[in-house]
Amino acid sequence: MAVAPKKQKQWLKECFAAWKQTDVAYSRLAHSRNLSLNMVWAFECLSEHPEGVEPAVLADEAKLLRQSMTVVLNDLEDQGLVTREFHPTDRRRKMIKLTSRGKKVCREILDTIAQCELEALSGLGEEEQRLFFELNTRFCQGLATKLAAAANSSDK
């Protein structure tokens with residue numbers, strides 16, 4: 001038996017409210033460290049590239065517009081958390097690297113987030129966690145596909 005559309009809409013409304021609540025919580029944590037949420041996403045990607053990474057790659061991995069990443073990098077550089085260096089083989093390109101202080105701040109915020117996420121997960125049993133991730137992944141992938149199609153159809 002199919003779920004009534006009215007019930008589905010209510011569930012989606014509740015899900016969206018929960019997403020907004022977690023987005024606000026992540027943002028509050030970031031702001032408590034004088035960071036923006038976009039800076040945290042940049043840190044997440046920078047932590048995966050200790051050798052440095054080009055700004056365009058960083059923007060793509062963080063799922064941010066390149067213009068937004070430029071603003072993020074300017075702010076991180078102003079705080080002394082990243083440096084822009086020449087690419088080792090092409091001086092026209094730049095590489096973004098965490099400074100010593102940036103590594104410390106990055107590790108602290110990412111470790112805090114990871115600890116909070118693990119503690120929140122601990123309220124679910126192992127099977128519930130597996131099911132949660134499986135269903136959440138399927139839903140988010142399906143939603144991203146549908147939203148991209150809707151955006152592409154409105155671009156025409």
Side-chain angles (χ1 to χ4, degrees), residues 8-121 129 132-156:
Q8 288 177 324
K9 286 181 182 181
Q10 181 58 35
W11 287 341
L12 288 168
K13 185 177 180 180
E14 291 170 16
C15 187
F16 188 65
W19 287 344
K20 287 194 294 188
Q21 182 181 10
T22 56
D23 193 53
V24 167
Y26 279 113
S27 293
R28 283 186 181 148
L29 177 64
H31 288 269
S32 76
R33 309 302 201 275
N34 198 32
L35 302 169
S36 70
L37 191 52
N38 284 345
M39 289 175 173
V40 173
W41 304 149
F43 273 154
E44 187 173 45
C45 297
L46 284 164
S47 71
E48 297 294 320
H49 298 280
E51 73 286 355
V53 62
E54 292 184 66
V57 172
L58 188 59
D60 291 345
E61 288 184 8
K63 308 292 188 251
L64 294 174
L65 296 173
R66 290 179 183 191
Q67 305 90 307
S68 298
M69 184 55 72
T70 298
V71 172
V72 167
L73 293 175
N74 288 343
D75 291 343
L76 288 171
E77 191 173 41
D78 288 347
Q79 290 186 33
L81 302 175
V82 300
T83 60
R84 288 179 168 104
E85 300 176 4
F86 288 114
H87 190 280
T89 61
D90 185 347
R91 293 183 55 82
R92 294 170 296 175
R93 296 163 44 198
K94 298 286 186 190
M95 296 291 286
I96 306 302
K97 291 185 179 180
L98 289 167
T99 63
S100 296
R101 183 167 167 262
K103 289 175 187 174
K104 182 177 182 251
V105 171
C106 175
R107 195 71 273 135
E108 193 273 333
I109 189 79
L110 295 182
D111 286 349
T112 300
I113 289 170
Q115 185 62 38
C116 291
E117 291 169 342
L118 289 171
E119 288 174 14
L121 268 178
Q129 289 180 33
F132 168 74
F133 286 116
E134 180 184 322
L135 295 174
N136 187 56
T137 299
R138 278 182 25 210
F139 175 75
C140 289
Q141 288 172 343
L143 180 59
T145 299
K146 296 297 181 185
L147 290 172
N152 288 338
S153 70
S154 71
D155 290 343
K156 296 175 182 172

**Student:** Show me the side-chain donor-acceptor pairs of residues 62-72 shorter than 3.5 Å, one per line, residues at least two apart or across chains.
**Tutor:**
{"unit_1": "Arg66", "atom_1": "NH2", "unit_2": "Asp60", "atom_2": "OD2", "d": "3.4"}
{"unit_1": "Thr70", "atom_1": "OG1", "unit_2": "Arg66", "atom_2": "O", "d": "3.1"}

**Student:** Using salt bridge (Lys or Arg N to Asp or Glu O under 4.0 Å) as the criterion, list what pairs up with Glu77, not counting sequence neighbours.
**Tutor:**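 In terms of salt bridge (Lys or Arg N to Asp or Glu O under 4.0 Å), with neighbours along the sequence ignored, Glu77 is linked to Arg84.
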
**Student:** According to the ring-ring contact (aromatic ring centres under 6.0 Å, His included) rule, which pairs have a member within residues 42-98, sequence neighbours left out?
**Tutor:**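 Found none.
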
**Student:** Do you see a donor-acceptor pair shorter than 3.5 Å between the side chains of Glu117 and Tyr26?
**Tutor:**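 Judged by distance alone, the side chains do pair up.
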
**Student:** Between side-chain atoms of residues 134-145 and protein atoms elsewhere (two or more places apart, or another chain), which donor-acceptor pairs fall under 3.5 Å?
**Tutor:**
{"unit_1": "Glu134", "atom_1": "OE1", "unit_2": "Arg130", "atom_2": "NH1", "d": "2.6"}
{"unit_1": "Thr137", "atom_1": "OG1", "unit_2": "Phe133", "atom_2": "O", "d": "2.7"}
{"unit_1": "Thr145", "atom_1": "OG1", "unit_2": "Gln141", "atom_2": "O", "d": "3.0"}

**Student:** Answer yes or no: does atom CD of Gln21 have more than 12 heavy-atom neighbours from other residues, nucleotides or ligands under 6.0 Å?
**Tutor:**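 Count not over threshold, so no.
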
**Student:** Taking Asp23 for its side chain and Trp19 for its backbone only, find out whether a donor-acceptor pair lies under 3.5 Å.
**Tutor:**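 No.
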
**Student:** Run the side chain to side chain contact (heavy atoms under 4.5 Å, CB included) check on Leu98 and Leu76 step by step: do they pass?
**Tutor:** CA-CA 9 Å; Leu98 289 167; Leu76 288 171; over 6 Å; no

**Student:** Of all heavy-atom pairs between Leu121 and Gln129, which one has the smallest distance, and what is that distance?
**Tutor:**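 So the two residues come closest at O-NE2, 3.2 Å.
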
**Student:** In plain terms, say whether Glu54 and Lys94 are close enough for a salt bridge, that is, a side-chain N and a carboxylate O under 4.0 Å apart.
**Tutor:**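 Not counted as a salt bridge, because no side-chain N and carboxylate O are separated by less than 4.0 Å.
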
**Student:** Minimum heavy-atom separation for Arg33 to Ile109, with atom names?
**Tutor:**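 That would be CG-CD1, 3.6 Å.
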
**Student:** Go through the structure and list residues passing side chain to side chain contact (heavy atoms under 4.5 Å, CB included) with Arg107, not counting sequence neighbours.
**Tutor:**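 If we apply the side chain to side chain contact (heavy atoms under 4.5 Å, CB included) test to Arg107, skipping adjacent residues, the hits are Ser47, Leu110, Asp111.
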
**Student:** One pair to check against side chain to side chain contact (heavy atoms under 4.5 Å, CB included): Leu73 and Ile96. What are the steps and the verdict?
**Tutor:** CA-CA 8 Å; Leu73 293 175; Ile96 306 302; 3.8 Å; yes

**Student:** Between SG of Cys116 and CG of Leu29, what distance do you get to the nearest 0.5 Å?
**Tutor:**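 Atom-to-atom, Cys116:SG and Leu29:CG are 6.5 Å apart.
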
**Student:** List the residues meeting side chain to side chain donor-acceptor pair (under 3.5 Å) with Glu85, not counting sequence neighbours, and say none if there are none.
**Tutor:**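 With sequence neighbours excluded, Glu85 shows a side chain to side chain donor-acceptor pair (under 3.5 Å) to Thr83, Lys97, given in chain and number order.
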
**Student:** Using a 3.5 Å distance criterion without hydrogens, assess whether the side chain of Ser27 forms a donor-acceptor pair with backbone atoms of Leu37.
**Tutor:**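 Checking the backbone N and O of Leu37 against the side chain of Ser27, no donor-acceptor pair under 3.5 Å is found.
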
**Student:** Say whether, by atom type as modelled, one donor and one acceptor occur between the side chain of Arg101 and the main chain of Gln79 under 3.5 angstrom.
**Tutor:**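 Yes, Arg101 side chain to Gln79 backbone: donor-acceptor pair under 3.5 Å.
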
